[in-house]
Every structure is written in C-alpha cells, then in structure tokens.
Asker: 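Take this structure first; my questions come after.
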Number of protein chains: 4
Amino acid sequence: MTDARDRILDAAEELFAAKGFDATPTSRIAARAEVPKGLVHYYFARKVDLLSALVERLPVERVDRAAVVVAGDVEQSLCRLVAALDDLLDSSAVLSHLLWREADTHPSVRDALHERFDRIVGEIRGVLLDAGAAGEVDSAALLLASAVSYRHSVDRHAPQRVDMAPELRFLARALTRSAESRPAPA
Amino acid sequence: MTDARDRILDAAEELFAAKGFDATPTSRIAARAEVPKGLVHYYFARKVDLLSALVERLPVERVDRAAVVVAGDVEQSLCRLVAALDDLLDSSAVLSHLLWREADTHPSVRDALHERFDRIVGEIRGVLLDAGAAGEVDSAALLLASAVSYRHSVDRHAPQRVDMAPELRFLARALTRSAESRPAPA
Amino acid sequence: MTDARDRILDAAEELFAAKGFDATPTSRIAARAEVPKGLVHYYFARKVDLLSALVERLPVERVDRAAVVVAGDVEQSLCRLVAALDDLLDSSAVLSHLLWREADTHPSVRDALHERFDRIVGEIRGVLLDAGAAGEVDSAALLLASAVSYRHSVDRHAPQRVDMAPELRFLARALTRSAESRPAPA
Amino acid sequence: MTDARDRILDAAEELFAAKGFDATPTSRIAARAEVPKGLVHYYFARKVDLLSALVERLPVERVDRAAVVVAGDVEQSLCRLVAALDDLLDSSAVLSHLLWREADTHPSVRDALHERFDRIVGEIRGVLLDAGAAGEVDSAALLLASAVSYRHSVDRHAPQRVDMAPELRFLARALTRSAESRPAPA
DNA sequence: TATGAATGAGGTTTCATTCAT
DNA sequence: AATGAATGAAACCTCATTCAT
C-alpha cells in the first residue's frame, strides 16, 4: 500500500479539479483515497491545508531547451516548445484546473499561478533567443504564453486541443523578418 | 424601489464573483438584495437557476468598429480596439470573474464563455481587416484575443493592468510587413 | 402542542443542569424537546445562545415581604424568609445549578449570578429591618445570604436540605440583644 | 526536568480550571506539559482518571491553631483564622475552581468538596472554642464556613476579595455576649 | 517504558429547499 | 404573489482512545 498521505493528496487533486474545492467534501476525498475519514484531518488539519499541500507539490515547469531548440529555425523551435509545454502542463492538468478555480479565494494559489505564467514567458523567451529569433522577442513571448495558458485553462473544455501551427508560423515569420529588416530594439 | 428580481440578480452576481458560487448562501443573497429569503426561491427555484439567469443577462460584446478603426494604421486601430474591449469587459467584470470560476461545473456557463471568446476573435479580425492589415490576420486575432482574455481572467489580480502597447506594435508590424512582402495566405 | 421554542429552552435547561453545558449535545436537546435538530439552530444560531436565552428567562427573586415579616419577632421572620427563599430558588433550581457551573466561562451568566446574590442580600436586609432587628443588620444579611446560596449551589447534592433553624435563632438573638444593649453602630 | 506525570497533572489542573473539564482536550494537556500525547494516556488511561488523580492530590486544609488563636479575643482570633483559611484556599485556588465546576458530574469530586467544607467548619469551631467563645458556636461556625466558601467559589470573580471584618466583629460580639447572658445550649 | 500514527463516532453548524399561510 | 418558519442532510472538524513499535 502506497503512502496514505500521498493517496489523500492524489484523491484531493482529482476531486478538487473535477468538482471544485468547495463542492468536494473531505469525506469523499477519504473514500477515494480509501482511508478512514479521520486520517484526512490527521494529516491536514483544515481542508484548506490540502490546497496548500497541493500547491507545494506543483512541479516546476522546466523545458529541456537543448532538445527543443532547432538553431536557425524559429518556427520549428516554437512547434517543439509548444509541444513540450503542452506535455508539461498536461502532466499536472488536474492541478492546473484547480488553480484556475481557486486563485481568487486563496492567495497562495494565486501566487503560484502567477509564478508559473512568468516561468512560461521566460522559457519561451529563452527558446526564441537560442533559436536565433530577433526583434520583439518579449512581446512575442508574452503573446504566446497567453495563448498557451489560455488553452490550458479555459480551452480545457475543448473536445480536443486546438492546433496552434498557424499562430506559431506567424510569430516565427514576424520575428525572422523583423530581424532581417532592421536591428533588434533594446 | 427597483424590481426585486433584478436586485436579487445583482446581489447574486456580486456575491458569486466575490466568494464563488458554492461559498455564497442564498440567505446572504436575500440579505444583500434586501428581500425576504423566501422570495429568492420564489423567483429562482434552485440556486443554480440564479447562475443561468446571470448568464442570460450577459451583454453581447459589440465594438463600435467605425469609432475604432483608423484606416491604414493597424497599430493605432489595435490600440483603440484593446481600449474598447477593456471597457466592455470591465463593464461586466464581476460576472466574467464568476464565469471563469464556474465554467467547469456548469455547461451553460462554459458555453457562454466560449461564445464570448469567439466573438472577441471576430471583432479583432474585423478591425484588422478594416484597418488594412494583411497576412495572417486569423492567427494574430487569436493570439490577441488570448492575451486580452487572459488579462481579464487571471490577471485581474494584478495591481494594475499591464500595458499591451509593445505587443500591439509587434503585431501591427508583423501584419503590415507580411502584407508588403507577399499575398495573404488562405 | 406548546410553543416549540419554549420546549427547546425547557429541554436545554434540564439537560444543561443535569450534565453541564459542554457535555450536552444539541442533538439531545432536540430529541428531548421532540423537535427536529435543525429547529434548535433555527431559533438559537449558536449553542451558547441557548445559555443566554436561559439567563434572560431567569425570574427575578422577589419575596412577598408582608407575608413573611412578623413584626417584633426576628427569628420567626427569618424562618419564614428562608422558607420563601428556598421556594424561590427551588423553582429555578435546575437553572441555578447551571449558573454555578458555567459562570466562569460565560460572563453574562456570571453577572446574572452576582445580581441574584445582591438581590438576596437586599431581601434579607429588608426583612430584618421590617421585623424590628437592630444592630449589625448588614453583616447578618451577608452571612445568611452566603449560607442560603451555598446550600442551593453546592449543597444541592445533600440527600435532604439541612435545617437552618439553629443558625437563624443564633442570628435573631444576636440582632435582638445587640439592639437592647446599645444603639446601632453606623 | 521534573517528573512527567506531575507535569501532566499540573497542566491538567490549570487547563481544567481555566476552561472546564469537557472543554479541555487531552492533546492540549500534553502540549502544555511538554510531553508526547501518548504519554498522557499511558499514565491516565481515561481522561476522567486525570480528575481523580487531581482530587487525590488535594492538600488537607489544616490551620495552625496555636498561631491563630488569641485567647480571650474571639474577634481577633476570627480575623486571623479567616486570613489563614484564605491563604490555604488560595494555595489550591485553581483546583478549587475545578471542583466547583465538576462536582455534579463526578461523585468523587463532590465528596472531596463536602469533606473540605466539613473540615473548614471543624477548624472554625475549634478556633472559636479555643478563643473562649461560648454560646451557639456550631451555628456561627456553619455560617462563617458558608461565607468563606462562598467567597472562594463564586466570588472568585470579584476584582478583589471582599473584606469580612464587619461580619467577623458581628459574630464575635454575638458569641461573647451570648456566653455572658446564659449557659451554652446543647 | 514510551511514542505518535491512526481511527471513527459524534460534535456544532450551515443551508438549500419545502410549505402553510 | 410573497413570506419566513421549519426541516434534515451533510458539511467540517474535534478528540478520546487504541495499538504497533
């Protein structure tokens, strides 16, 4: 039998994501984790402590840049990057789901969410630079991070993930051409 | 005295947005609306009916395109458009807030959210075309709609709204240059 | 069917007195009052509100002085007075019981208890004066009030109430003799 | 480090007195005693056993009669006696406090309380006789014991202890004069 | 001897919903 | 149409007690 505390967290993550924090009774968490009800409160005195523990468990999104960047090919690099980000975000999809819901009422959740967005912007920016993009890299990174984040929050409802290839090509061209036509701005 | 039914909806909108659907008792809605408790359930048999009624009340976002578009100046047009969208979304900010939270558990809310996103994409696309943009207008519209929506959902926590001027300039240039260099793709 | 709210208070009074405030679940109060559990909390939002309501119900002890005083006979007056006080206190015996237990944790209860003691001292003093006692009437009143209160709080456990006749005779003599021998002190 | 068992009892005494028996969790006793939670139940299998052990620890009130009695001066003897009793009762004030609260629900506590009252009556009686008082010594002892006990139970809430000098003088005079006028009754 | 993880019954309280008026 | 008293299921949480180590 795996560790009971972990099973409780797993169960909480799934149920919170599926139904929301308020709509999930701790008794159901216990049932899904197959532990007695009291054990949930033994490990997590208040229900909200489950949320905090879940946020602490959040993996730090880190892209393997060497495996993603295709030097000189911004479009291809972006395609691989988005695929990598999709994988990363999917691996904690239920938890992400939860974050979106509870960000307002729980400041620690909100902070974790902001940190993640900033991290994603940073990863995109790094890949763009490594791939040889020039021009308004920061603007492109922010736009793309918004789009990726948006897909993973709201568009999670979509039957299947929307393909972003056109947008990536657009961005790649913009960054390539802008580099050709004139020197990069500060 | 304004209509009791409307006052109930107003109260529900504020409280749902502030605390979430589950965390808002109907009794508190009645109290804020200054109506007797029974009246809430008289108009809205189930609590969830309040949510549906709120979604029905959602204004349809419609930009006054003539007032926004500056023919031939894509960047300026985008700046005005984003300002107009910000105003529109702010006017129903609390309700938007609510939609983000409850989209998962209530399909009608989710649908309303998707419709709104599609409407925003359409508005951006229309403005871009009217302003004379060429090239990958659809991609640009989707990216910008994502960024605008993102700011209004998640970034509502930000102390003050992030200025999007750099991103708008970036998009405008990309669309202008791409139009110069070659014909717009399908 | 008598008023449900009153039946709840009656049940609470009996159970609190018998087992103590903390040891009495509201569910048992509901059961004894033969009302659904929710009704208890409908009338008394918090359990402690039951205590407050009980204290509010406390009858004000008021002795019919004309029926008690035998002019010129202090001992006889005291005997009648103690009998009258015993009756008064017995009529709210369970509630008194409760007051002794909960005085520490609930200030409103403590205050009610003090007020009652002062009232009893006043009644004794009035009877003594009307009966023609002289001398240290205040001291005698305080001693007797202590003894009566003590019997009704702690000594409630005694199989049968201790007869106070000897003490009353002692007090009566002291007050009579002291009046004969010398003028009353300030 | 003092004995763990004693530290547990000390902690229980303070907490029971402050909050009451029912309102004090054993875990808080363990925390205040700075012992692991399991140790409390190791020494005291049931929570109620803590109460019994506390009653066993009660010091027997014993007045040093030689130091208190002023032969031939009943009033002065009473003053000294009351001061001595106050000291004795204050030394176990928290425990007394507890006894008053829990006397009803725990017979052993109730018995201990009665024994103590009888002991106090006995001490007062002894001092009165040694001081040369005559007359209704038993009645006076019971009245004074009631008053002293009352002060230490209910009046513990008073901001500062009430001075009993007038009452003591009253009793002393009554006992002195009654001795002069006629032989003591049975 | 000593520990603290584990248990589950039961506590107070909240609240959507019903219904008689 | 409008009201608010009444209901009871179920939520969170507490805590004495047990037990393996």
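Note that these values count all heavy atoms, side chains included, but never hydrogens, waters or copies made by symmetry. Just so we're on the same page: letters track the sequence lines, and every chain starts at 1.
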Asker: Could you summarise the pairing of DNA chain E as dot-bracket text, marking Watson-Crick and G-U pairs under 3.5 Å with ( ) or [ ] inside the strand and | across strands?
Answerer: .||||||||||||||||||||
Asker: Can you measure Glu34(D) atom CD to dG4(E) atom P for me and round it to whole angstrom units?
Answerer: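 Roughly 14 Å, once rounded to whole Å.
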Asker: When the nearest nucleotide of DNA chain F is assigned to Tyr43(B) and to Ser27(A) on a heavy-atom basis, which residue is associated with the more 5' position?
Answerer: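 It is Tyr43(B), whose closest nucleotide lies nearer the 5' terminus.
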Asker: Go nucleotide by nucleotide along DNA chain E from the 5' end; which of Val35(D) and Gly38(B) gets its closest nucleotide reached first?
Answerer: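 On the 5' side of the pair lies Val35(D).
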Asker: Have a look at Phe44(C) and say if it touches a base, only the backbone sugar-phosphate, or nothing, with a 4.0 Å heavy-atom cut-off.
Answerer: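 No contact.
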Asker: Within the structure, does a side-chain N or O atom of Thr26(D) lie under 4.0 Å from either OP1 or OP2 of dC15(F)?
Answerer: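 For dC15(F), OP1/OP2 do not have a side-chain N/O of Thr26(D) under 4.0 Å.
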Asker: Is Asp111(A) reaching over with its side chain to a backbone N or O of Ser108(A), donor-acceptor style, under 3.5 angstrom?
Answerer: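 No; zero donor-acceptor contacts below 3.5 Å.
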Asker: Hey, does the side-chain of Lys37(A) have a donor or acceptor N/O within less than 3.5 Å of a partner on the base of dG10(E)?
Answerer: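 Pair found.
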Asker: Which ones in residues 45-53 of chain A lie close to DNA chain F, meaning a heavy atom under 4.0 Å from one of its atoms?
Answerer: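 Those residues are Arg46(A), Lys47(A).
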Asker: To the nearest 0.5 Å, what is the distance between OG1 on Thr24(D) and CD on Glu13(D)?
Answerer: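 Going from OG1 on Thr24(D) over to CD on Glu13(D), the span is 12.0 Å.
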Asker: Rounded to whole Å, please give me the gap between CD1 in Ile29(A) and C1' in dA11(F).
Answerer: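 Rounded to whole Å, this separation is 12 Å.
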Asker: Which of these passes salt bridge (charged side-chain N to carboxylate O under 4.0 Å, His left out) with Glu14(B): Arg28(B), Arg32(B), Arg7(B)?
Answerer: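 So the option named by the test is Arg32(B).
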Asker: Between Tyr42(C) and Arg28(C), which has a closest nucleotide on DNA chain E that is more 5'?
Answerer: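 The 5'-side residue here is Arg28(C).
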Asker: Could you state the atom-to-atom distance from CZ of Phe16(C) to C1' of dT12(E) in whole Å?
Answerer: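 From Phe16(C) CZ to dT12(E) C1': 12 Å.
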Asker: Measuring from atom NE2 of His106(A) to atom CG of Leu51(A), what distance do you get when rounded to the nearest 0.5 angstrom?
Answerer: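 Result: 5.0 Å between the selected atoms.
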Asker: For the OH atom of Tyr43(D) and the CZ atom of Arg5(D), what is their distance to the nearest 0.5 Å?
Answerer: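 These two atoms lie 8.0 Å from each other.
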Asker: Going from CD1 on Ile29(B) to CG on Leu50(B), what distance comes out if it is rounded to the nearest 0.5 angstrom?
Answerer: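 Taking CD1 in Ile29(B) and CG in Leu50(B), the distance rounds to 5.0 Å.
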Asker: May I have the distance from Asp22(A) (atom CG) to dA10(F) (atom C1'), rounded to whole angstrom?
Answerer: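 Checked: the CG to C1' distance equals 15 Å.
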Asker: To the side chain of Pro25(D), which of dA11(F), dC15(F), dG4(F) is closest?
Answerer: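 Nearest to the side chain of Pro25(D) among the choices is dC15(F).
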Asker: Can you check whether Phe21(C)'s main-chain N or O pairs, donor with acceptor, with Glu102(C)'s side chain at less than 3.5 Å?
Answerer: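 Yes; judged by distance alone, with no hydrogens or angles, the pair exists.
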Asker: Starting from P on dT18(E), measure out to CG on Leu39(C) and report it in whole angstrom.
Answerer: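 Spelled out: CG on Leu39(C) to P on dT18(E) is 19 Å.
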Asker: How long is the span from the CG atom in Asp10(C) to the CG atom in Leu54(C), to the nearest 0.5 Å?
Answerer: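 If we round to the nearest 0.5 Å, Asp10(C):CG and Leu54(C):CG are 8.5 Å apart.
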Asker: Could you check how far NE2 of His41(A) sits from P of dT17(F), rounded to whole Å?
Answerer: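 Value for this atom pair: 21 Å.
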Asker: Any heavy-atom pair between the side chains of Asp49(A) and Arg46(A) that's under 4.5 Å?
Answerer: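 Answer yes - side chains close enough.
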